[in-house]
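Proteins come first, then strands; the chains are lettered A, B, ... in the order of their sequence lines, and each starts at number 1.
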Amino acid sequence: MLRVRFAPSPTGYLHIGSARTFIFNWLYARRNGGTMILRLDDTDVERNTQASIDSIFDGLRWLDLSWDEFYRQSDRVELHRAAANLILEKGLAYRDFTPADTSLEEKVHDGQAWSGNPGQREMPKEESDRRAGAGEPFVIRYLVPRETGRAVTFSDSVYGEQAKSCDDIEDFALLRSNGMPTYHLASCADDADLRISHIIRGQDHLTNTFKHVLIFEAMGAAVPQFAHLPLLIAPDGAKLSKRKHGPVVSVTTYRDAGFLPHSYVNFLCLLGWSPKDNREQMTRDEIIGVFRFEGINRSNSVVNFSEEDPIDPKALWLNSQHLRSLPVAEILPGVTAVLQAAGLTIPEDVAHFASVVDLIRARYTTLLDFGVKGRPYFSDDFSIEPAAMEKLDVAGARELLAELAERLAGDPEFGEAVVEAHLRALATERGVKAGVLINGSRAALTGQAVGPSAFHLFTAVGRERAIARLRAVAR
RNA sequence: GGCGCCAUCGUCUAAGGGUUAGGACGGAGCCCUCUCAAGGCUUUAAUAGGGGUUCGAAUCCCCUUGGCGCUACCA
């Protein structure tokens with residue numbers, strides 16, 4: 001039974017690095033027929049917020065990611081305490097009665113790392129039991145077997161064989177003096193109880209894993225397979241943080257910037273993973289089909305953004321590629337939402353709506369473009385850009401456009417071929433280049449100097465509107 | 001400080017003993033063309049440094065340097 005989990009702490013907004021971790025777990029589960037579990041690691045009561053929980057759900061829902069089981073660590077505290085007490089009873093942990101050190105000073109001893117508070121490890125069981133019985137507060141620490149000289153080892157699916165001497169592992173806490181489990185204990189107890197088979201998480205946990213192996217062993221549980229992921233970092237080399245780098249770290253930023261959910265998933269997958277065959281733009285099923293741990297890199301990936309380009313240019317490019325190549329029907333809901341938000345009306349004729357979207361989407365990079373650059377296609381209320389005005393101010397242009405309007409109005413037939421025939425005939429008669437009329441038409445119909453083929457524009461805008469807009473510009 | 005991890009174009013990456021070190025984004029240019037995109041073509045740009053091993057090293061080993069992580073009764 002393959003079971004993986006994504007276990008975020010709800011202490012901030014859904015981070016793009018967290019989203020990527022979810023995606024890699026999800027990909028592994030979906031590819032191998034496993035179960036995807038979402039678990040809120042909310043044991044740090046002080047820092048948890050409902051806003052954060054909402055943000056996690058919102059972000060995952062937007063990315064169209066799903067899970068099969070859901071848990072909250074705070075509902076499972078009894079299980080964690082029982083695990084800590086079991087380890088204590090087995091003699092693999094001890095009580096530490098040292099008061100909590102609230103200072104931030106580092107515990108350094110002659111070049112040696114701190115390994116435990118003095119006099120606690122060695123305390124006789126009788127004394128420990130007596131003091132605990134007397135109500136003295138204590139923290140339960142793992143009794144790291146340093147005397148044995150053994151090294152803790154595990155094989156990581158990404159980073160390979162790992163080993164660390166017990167001399168270099170401090171007696172970490174399992175249960176706090178307030179009776180709440182620490183992250184390490186809660187996480188391992190839950191992973192064991194939920195029978196997690198593969199733990200796929202950020203590389204920042206790589207060195208914590210030695211502690212986790214020790215906990216699994218002490219609980220008598222099977223040690224899961226680990227796969228650590230390289231971290232996502234900022235161009236300055238620092239870990240991405242909301243405080244330092246702003247909105248780029250938040251998943252909602254990309255939703256609000258008009259990204260297609262899948263294209264952002266695609267982009268995230270390419271950070272630290274490669275299908276190794278030069279493919280970049282892929283459908284969801286294609287990614288699921290080729291996702292393997294062997295394709296995951298070991299070095300951190302930079303999310304490339306700057307003051308001038310707040311969004312990674314490659315993410316934007318990928319979005320434009322998906323925007324133009326997905327079946328139109330798939331992007332229609334997103335376009336509709338953007339148009340509604342911009343106060344524009346959606347054409348009632350769905351086929352026509354789809355054809356207009358299809359005509360203009362190849363020039364756009366995000367969904368937001370439909371509400372801005374796409375305005376003339378969905379509203380009569382649009383302005384004429386300076387560059388378009390120049391096209392209209394070409395000598396004779398306005399008069400020619402007016403004449404074109406009359407010829408179209410007098411012809412019961414309408415269509416790209418009909419428009420082209422009238423336009424070219426008129427240009428020939430007057431001895432002007434067709435370009436004057438073509439560019440002028442585009443300017444009159446959309447207020448823009450750039451855009452799709454002018455003839456396609458007539459059908460996109462529609463007969464009556466096209467004639468009206470040509471006439472409007474003639475004055 | 002200790003321990004661990006990492007190191008290929010500006011960025012994402014491929015090549016895991018033998019390649020003119022490949023692709024993509026971005027930049028520059030050309031072609032196409034009714035404009036703008038798209039597309040096609042060309043171009044720009046990399047194996048951190050130093051030692052080994054080897055006929056041959058981006059690739060294996062060592063050192064240095066740099067970056068990151070952990071070193072909390074945070075996660």
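As rounded to the nearest Å, B:rA72 and B:rG2 have P atoms that lie 16 Å from one another. B:rC68 and B:rG29 have their C1' atoms separated by 39 Å, with the value rounded to a whole Å. Spacing of P atoms, B:rC32 relative to B:rG23, comes out at 25 Å, to the nearest Å. Comparing the C1' positions of B:rA58 and B:rU53 gives a spacing of 16 Å, expressed to the nearest Å.
At a cut-off of 3.5 angstrom, counting only N and O atoms as typed in the model, there is a donor on one side and an acceptor on the other between the side-chain of A:Asn278 and the base of B:rG22. Residue A:Asn208 places a side-chain atom within donor-acceptor reach of the base of B:rA75, judged by atom type and a 3.5 Å distance cut-off alone.
The shortest distance between the side-chain N/O atoms of A:Arg279 and the OP1/OP2 oxygens of B:rG23 is not below 4.0 Å.
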Take nucleotides 3-12 of chain B nucleotide by nucleotide from the 5' end and write B, S or -, depending on whether a protein heavy atom sits under 4.0 Å from the base, only from the sugar-phosphate, or from neither.
-> SSSSS---SB
Starting at the 5' end of nucleotides 29-47 of chain B, put B wherever the base has a protein heavy atom under 4.0 Å, S where only the sugar-phosphate does, and a dash everywhere else.
-> -----BBBBSS--------
Stepwise side chain to side chain contact (heavy atoms under 4.5 Å, CB included) test for A:Glu170 and A:Val144 | CA-CA 7 Å; A:Glu170 77 283 3; A:Val144 177; over 6 Å; no
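By the side chain to side chain contact (heavy atoms under 4.5 Å, CB included) test, A:Thr148 is found to be paired with A:Pro145, A:Arg150, residues two or more places apart in sequence or in another chain being considered.
B:rA45 makes up no base pair with any nucleotide shown, lacking Watson-Crick or G-U wobble contacts both under 3.5 Å.
Residue A:His205 is classed as a base contact, given a heavy-atom separation below 4.0 Å to a base. Contacts of A:Thr98 with the nucleic acid, taken as non-hydrogen atoms under 4.0 Å apart, include base atoms.
In this pair, A:His228 and A:Phe226 present their aromatic rings parallel. The plane angle is below 30°, not in the 30 to 60° band. Using the six-membered ring where Trp is involved, A:His322 and A:His262 have ring planes that are perpendicular, over 60° apart on the 30 and 60° scheme.
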